[in-house]
Amino acid sequence: MSLLLSGLNNEQVKAVTLEEKSALVLAGAGSGKTRVLTTRISYLIQSRQVSPHNILAVTFTNKAAKEMRARISNMLPINIQGMWVGTFHSLCNRMLRAHYQDAGLPQAFQILDSSDQLAVIKRVLKDINVDNEKFTPRQVQWFINNAKDDGLRGLQVEVYDDFTRKMVEFYLAYEQQCNKEGVVDFSELLLRSYELLIRNEVLQKHYSSRFIHILVDEFQDTSQLQYKWLRLLAGSESSVFVVGDDDQSIYAFRGANTGNMKEFKRDFHISGVIKLEQNYRSHGNILDAANTLIRNNNGRLDKNLWTAEDHGELLKVYNAPTDLDEASFIVNEVKSLHTEGVRFSKIGVLYRSNAQSRVLEHALFNASLSYRVYGGLRFFERQEVKHALAYLRMIANPDDDNALLRIINFPTRGIGARSLEQLQDSAKEQGGSLWQAALEMSCGKGGKGRSSASRIENKNIDAPRKGINSFVFLIESMRHDCSELSLPEIVDHMLVHSGLADYYNNHREGANRLENLNELINAITIYIQESEDSSLTAFLAHASLEAGEYQNSDNQDAIQLMTVHSAKGLEFHSVFLSGLEEGLFPHDNSYNEAGGLEEERRLMYVALTRAQQRVYLSFAQSRMLHGQTHYNVPSRFLNEIPKNLLKVLHPIQEFEDIEEISIDSNYRDNVSVKDSILKKKSSSLEVHAIDSSKWNIGKRVVHKKFGVGVIVSYEGAGVDARVQVKFNEYGTKWLSLEYAKFLSI
DNA sequence: ACTGATTCTTTTTTT
DNA sequence: AAGAATCAGT
């Protein structure tokens, strides 16, 4: 035991060895939170003789769950298989699989990811003829998920106007459709599991007496429903140990509710909160910057993070003319960091939104640096993989309409809009899934026996079949053939018989996709090694729940690219935080949301505290986003960091390169872009109708009346010269150079 | 029914 | 800018 606790500070030891039943640990960034959690579990097992069987640990990501398992295995020489460790979603999935009948689900129920969910919603809306522009599928999706996160079924949602009445109607229709198909979305996993426990006292008693110790990581990110689920699972006897940091709550958009910390204290009679305030990760300056910034938020729990490290370097700020320049700056710095001996994998390049990764990837790629992007286009979301998974889903549960629609005519087998329409009509009539309708249709036509076995025997005689018949036959024979096969064999069989392998083999540009399909086989091999349940259904659940975590298992040294959200819980030697511009970080959409800005600030706080030794903050005056050039002002968060902690770096090149870009996107005449560039190049005098060293596009100006702004365009010369300026607070205006009152340029 | 082309939409963060 | 949805021609 002394070995377990060695190297921990007093507060950490106190948390690990706590005697009281339940506890709230307020753990700042980098304060050894994960270590405390894993050590406590090991301590419980080793010193208090708690069986792993009696422990349940909830983490925020699957990755964290994996790591926790690994760490505990390292500390203890015993088998911890019986311990339940995972995300809320994966634990609920596990519970629902075990009690699918009590939960009212088919054994092979499938899980919808967000895009699947959206597809179902679109179908449902179309079905009940909602063409209304007023109700976008996204809105409906948002509404449904919010209701579910609050634990509400369609009929429980309070209706207070026409809008909610409609939404509830859609919610109910959606619910019905999902039940028909035997599919559940992410929120549904939680809600079902919660309802299972609250309705079935025997089960609730069973689980709450089994899980004597419940430990929760990232507690600040739990939703209302998740908290209720926990309370139910704990019952009155279990001990609940939660760890969280209100300053790192960045998932409010997904229903996270910091208020749970307060409720927890009340519900579980917590007398004293344990605070872990010593940061072991970052140098002083970085921590000072983060602390000062976060102090701008209101209603924080009292906490003061400190470090025994020295100040370290100043945070570096880079002002880039364009996003391209920002990227090349980052590339250069990364290179020199690497020469200094920093491993690539210890360098994190962070951004607010996934769309920003493009430019960065491009620059890194051209510099032949190896990098890895997290999030973005996830492996299991690629279309060829989705096609393959859809076939697998049909094998597991043919009532999955999403899956059926995806593959019924892919590869093409002569089923067009007409046949599909018929199929959908007849499904609607019968009130069943598309598959049931298709089955009915093909049996009716054939007028022969229904057993799939007889069909298979008649394989040669019955071919060639057409349209829906051939599809039904295909799926039925696949289901039949696969019933006895192992998971890798099933996938192999499916790839061949579905025609997917052939299709991508013969298609131009199919090579890449074929590679991904091979990767899928790889993923399955890894999955089988790592998990206890190697059934098809279990794998499909895994694919839905861990879409984000799968990565080519190469462990090569690569630069880490990700959003700030996915960086939570990680640490790097050096952190690049790019795109620090108003409208991007903080994001435009946050301005109008209640508490939006504070959440953005916490996000910034998370970003800063990822760094051990070095932070680079960069922003671009102009940025290409969604096909348009945007001119932004530096993020307010830069101003919230004390000046004496910052070192401003200057751009290396000044105007040479910028000229082309500004012409490219802003030249207002009807001259073709190419022409204008040529013209500008041939005569530099003509270029500067307005002295561009002064009135450069993207340049920051201060106006007497309108305040701070950025030049977005200019035209005319001499007395007629005008500039278009986008002001922070007054919008975009054309101003005459002769009369405009600029205080500084 | 299939294809290629054109128009429309999306565009924060994630299990 | 990139994808999805829709349309027109074969």
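Lettering of chains follows the sequences in order, A, B, ..., and the numbering in each one begins at 1.
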Can you figure out which of [options] approaches the side chain of [X] most closely?
X        : options                : result
A:Phe253 : B:dT12, B:dT14, B:dT3  : B:dT14
A:Phe186 : B:dT14, B:dA1, B:dT15  : B:dT15
A:Thr87  : B:dT15, B:dC2, B:dT13  : B:dT15
A:Arg352 : B:dT14, B:dT12, B:dT15 : B:dT12
A:His565 : B:dT13, B:dA1, B:dT15  : B:dT13
A:His626 : B:dT13, B:dC2, C:dA1   : C:dA1
A:Met624 : B:dT15, C:dA1, B:dA1   : C:dA1

Under 6.0 Å from the ring centre and within 45 degrees of the ring axis: does the NZ or CZ of A:Lys386 meet both conditions for the six-membered ring of A:Phe380?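 Geometry flag: not set, cation outside 6.0 Å or 45°.
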Any side-chain donor-acceptor pair under 3.5 Å between [X] and [Y]?
X        : Y        : result
A:Arg97  : A:Asn93  : yes
A:Asp245 : A:Tyr605 : no
A:Ser531 : A:Asp533 : no
A:Asn260 : A:Gln226 : no
A:Tyr374 : A:Gln560 : yes

Would you mind reading off the distance between [X] atom [atom1] and [N] atom [atom2], rounded to a whole angstrom?
X        : N      : atom1 : atom2 : value
A:Arg601 : B:dT13 : CZ    : C1'   : 17 Å
A:Phe380 : B:dT15 : CZ    : P     : 13 Å
A:Arg602 : B:dT13 : CZ    : P     : 18 Å
A:Leu584 : B:dT11 : CG    : P     : 15 Å
A:Asp323 : C:dA1  : CG    : P     : 11 Å
A:Glu598 : B:dT12 : CD    : P     : 21 Å
A:Met562 : B:dT14 : CE    : P     : 11 Å
A:Ile408 : B:dA1  : CD1   : C1'   : 14 Å

Remember a base hit wins even if backbone is also touched, and classify [X] as base, sugar-phosphate or nothing at under 4.0 Å, heavy atoms.
X        : answer
A:Glu188 : nothing
A:Ser187 : nothing
A:Ser90  : nothing
A:Tyr251 : sugar-phosphate
A:Thr412 : sugar-phosphate

Does a nitrogen or oxygen in the side chain of [X] sit under 4.0 Å from OP1 or OP2 of [N]?
X        : N      : result
A:Ser419 : B:dA1  : yes
A:Asn145 : B:dT14 : no
A:Asn409 : B:dC2  : yes
A:Ser114 : B:dT15 : no
A:Asn354 : B:dT13 : yes

> Would you call A:Asp247 and A:Arg602 a salt bridge, taking side-chain N to carboxylate O under 4.0 Å as the test?
Replying inline: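 No, A:Asp247 and A:Arg602 are not salt-bridged.
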* To do: Could you tell me whether A:Glu530 and A:Lys66 have a side-chain N and a carboxylate O separated by less than 4.0 Å?
  =>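 Salt bridge flag = yes for A:Lys66 with A:Glu530.
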**Message:** For A:Ile415 and A:Leu190, find the nucleotide of DNA chain B closest to each by heavy atoms; which residue's nucleotide sits nearer the 5' end?
**Reply:**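 Result of the comparison: A:Ile415.
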- Message: Nearest heavy atom decides the nucleotide; on that basis, is A:Glu599 or A:Gly414 closer to the 5' end of DNA chain B?
- Response: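 The residue closer to the strand's 5' end, by nearest nucleotide, is A:Gly414.
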Expected string for nucleotides 3-10 of chain C under the B/S/- scheme (protein heavy atoms, under 4.0 Å, primed atoms plus P, OP1, OP2 as sugar-phosphate) is --S-----
Single hit among A:Arg254, A:Gln117, A:Arg192, A:Lys148 for side chain to side chain contact (heavy atoms under 4.5 Å, CB included) with A:Ser187 |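 For A:Ser187, the side chain to side chain contact (heavy atoms under 4.5 Å, CB included) check succeeds only for A:Lys148.
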message: Base of B:dT13, side chain of A:Arg254 - is there a donor-acceptor contact under 3.5 Å?
response: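 No such pair is found, so the answer is no.
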- Query: B:dT15 base to A:His89 side chain: any donor-acceptor pair below 3.5 Å?
  - Reply: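 Indeed, a donor on one side and an acceptor on the other fall under 3.5 Å apart.
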What do you reckon, do A:His587 and the base of B:dT12 stack, with centroid distance below 5.5 Å and planes below 30°?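 Ring-base stacking flag set for A:His587 and B:dT12.
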